[in-house]
Undergrad: 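I have a structure here, written as structure tokens, and I will follow up with some questions on it.
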Amino acid sequence: MLKRIDLARDYEKHKDEYLKAIEECCKVTAFSGGPFADKFDKEFKEYLGAEFVQGVNNGTSAIHCALAVLGIGKGDEVIVPANTYIASAWGVTYTGATPVFVDCTADTWEIDASQIESRITERTKAILGVHLYGQPFDFAAVKKIADKYNLYVVEDCAQAHGAKFEGKMVGTLGELGCFSFYPGKNLYAFGEGGAVSTNNAEYDKYINVMKNQGCNVRYYHEMIGYNYRLEGLQGAVLSVSLKYLPEWTKRRIEIGHKYIENINNSLVTLQYHPDNTEPVFHLFEIEVEGDPEKFLEYMKEKDIECNRHYPVPCHLQEAYADLGYKKGDCPNAEYLAEHCVTLPLFPEMTEEEIEKVIDAVNGYRI
Ligand SMILES: *Cc1c(COP(=O)(O)O)cnc(C)c1O
């Protein structure tokens, strides 16, 4: 069975390097924060071309930190796309603020900037844009509205390490960028990990204290803090994988383009990638007519594992029932949720496997 994503292939290929890095960290027992975590922060900052990076314990915490440092809290509202992984919205909820969900466009499947304005109130403080599936959202359009209403723009880059909008790295466009290194993300740790990027020294300082139990000097707590530090072992592993990220990204783009050029089935719609963006194909999502579960079954019979991102849009999740959204509020996100399927895509896929996926998709009938 061809897996949707097969991390074991990377481990087998670079095992010696990973284990050496882990051993070095163990030797000096630098397990929580410390030199290996700091080294990764520095390397990732250089990779992004950002002024500052704070490693944290996961991507959800990264979003929480990024919104908290902007002073967002109870009584405030933050615009979030309805089509995203739920953790984008958790980051808002953790601050005490309320997520306000906006539909995606019918073709890019990213936040529809033209619908943001109608959702802005006097409580709105920020727009949390998400570069979903590795595809940058229309930052220019979002920024234009943000500037008009004096709102912050924060980027959720959890699925888009290395993607570019108008030639610029995501994570350096907005006030702050939030990254996840969850296993399976384009850059991943051997466990949980995340980071916040910014060009603002004050934000960086605040997050460094916030993630570290609220102290700069040990045992002197200047604010209510969190235990959001990046583990040393994850920093050590991430320093190894970051070296391979450019190579992995190149391969993801190659595979993405092979799919785009060769998938040809009137039942299948692909994501639209605007010319001013350089997507990094975290998830290769397709829209399939009819029941997506039937498509998953069909692919399984062909020995290909697929899955779905995401079957329920944020505004219809049970956890947010009290916000009062209903079916029909975000029709594009809802249609996508009912028809989306994720094809296998990871850097170690062979040419044969890529062709096998294309042939199977092209042969699908209902
Ligand atoms: C993975 C992900 C997150 C959360 O990251 P974790 O490291 O799993 O906490 C947030 N937003 C998006 C879009 C993600 O895909």
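One-based numbering, in listed order, for ligands and for the atoms of each. Since we're looking at a predicted model, the values are computed, not measured. Positions are given from 1 along the sequence.
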Undergrad: Aromatic contact between Tyr364 and Phe295, with the criterion being ring centroids under 6.0 Å apart: yes or no?
TA: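 Aromatic pair counts; centres sit under 6.0 Å.
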Undergrad: Tyr203: what forms a ring-ring contact (aromatic ring centres under 6.0 Å, His included) with it, not counting sequence neighbours?
TA: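 ring-ring contact (aromatic ring centres under 6.0 Å, His included) list for Tyr203, sorted by chain: empty.
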Undergrad: At less than 4.0 angstrom from any non-hydrogen atom of Thr84, what atoms of ligand 1 do you find?
TA: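 Those qualifying, in numeric order: 13 (C).
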Undergrad: Please list, in number order, the atoms of ligand 1 under 4.0 Å from a heavy atom of Val130.
TA: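 Those of ligand 1 that fall under 4.0 Å from Val130 are 13 (C).
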Undergrad: Nearest protein heavy-atom contact for atom 11 (N) of ligand 1: which residue, which atom, what distance?
TA: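 Looking at atom 11 (N) of ligand 1, the protein heavy atom closest to it is Asp156 OD2, 2.7 Å.
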Undergrad: Can you tell me which residue and heavy atom of the protein come closest to atom 15 (O) of ligand 1, and the distance to 0.1 Å?
TA: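 Scanning the protein heavy atoms, the shortest distance from atom 15 (O) of ligand 1 goes to Gln159 NE2, 2.8 Å.
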Undergrad: Check the pair Tyr94 / Tyr226 against side-chain contact (heavy atoms from CB on, under 4.5 Å), numbers first and verdict last.
TA: CA-CA 12 Å; Tyr94 293 174; Tyr226 297 82; over 6 Å; no
Undergrad: Looking at Ala87, which atoms of ligand 1 are within less than 4.0 Å of one of its heavy atoms?
TA: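 Matching atoms, with element in brackets: 3 (C), 4 (C), 10 (C).
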Undergrad: Under 3.5 Å between some N or O of ligand 1 and some N or O of Ser180?
TA: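 Yes; the residue has a nitrogen or oxygen that sits under 3.5 Å from a nitrogen or oxygen of the ligand.
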Undergrad: Looking at Ala158, which atoms of ligand 1 are within less than 4.0 Å of one of its heavy atoms?
TA: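 It comes down to these atoms of ligand 1: 2 (C), 3 (C), 10 (C), 11 (N), 12 (C), 14 (C), 15 (O).
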Undergrad: Would Ser88 count as a contact of ligand 1 if the rule is a heavy atom under 4.0 Å away?
TA: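 In this structure, Ser88 qualifies as a contact of ligand 1 - some heavy atom is under 4.0 Å.
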Undergrad: Which residue and non-hydrogen atom of the protein lie closest to atom 9 (O) of ligand 1, and at what distance in Å?
TA: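 For this ligand atom, the closest protein heavy atom is Thr60 OG1, 2.5 Å.
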Undergrad: Output the list of atoms in ligand 1 that are nearer than 4.0 Å to some heavy atom of Gly59, sorted by atom number.
TA: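 Counting from 1, the qualifying ligand atoms are 5 (O), 6 (P), 7 (O), 9 (O).
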Undergrad: Can you check side-chain contact (heavy atoms from CB on, under 4.5 Å) on Thr84 and Tyr310, steps first, answer last?
TA: CA-CA 8 Å; Thr84 182; Tyr310 299 91; 5.9 Å; no
Undergrad: If the cut-off is 4.0 Å to any non-hydrogen atom of Asn58, which atoms of ligand 1 fall inside it?
TA: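 Listed by number with element: 7 (O), 9 (O).
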Undergrad: If a pair satisfies salt bridge (charged side-chain N to carboxylate O under 4.0 Å, His left out) and one of its residues is in residues 148-167, list it, with sequence neighbours excluded.
TA: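 Residue pairs passing salt bridge (charged side-chain N to carboxylate O under 4.0 Å, His left out), neighbours aside: Glu117-Lys148.
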Undergrad: Between Tyr188 and Asp10, is there a side-chain donor-acceptor contact under 3.5 Å, judged purely by atom types and distance?
TA: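 There is such a pair (donor and acceptor under 3.5 Å, judged by atom type) between the side chains of Asp10 and Tyr188.
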Undergrad: Starting from atom 2 (C) of ligand 1, which protein heavy atom do you reach first, and at what distance in Å?
TA: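 For this ligand atom, the closest protein heavy atom is Lys185 NZ, 2.6 Å.
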Undergrad: Decide if atom CD of Glu318 counts as having more than 12 heavy atoms of other residues, nucleotides or ligands within a radius under 6.0 Å.
TA: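 Open: at most 12 neighbouring heavy atoms sit under 6.0 Å from CD of Glu318.
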Undergrad: Less than 4.0 angstrom from a charged side-chain N to a carboxylate O is my criterion; do Arg251 and Glu254 meet it?
TA: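 Salt bridge present between Arg251 and Glu254.
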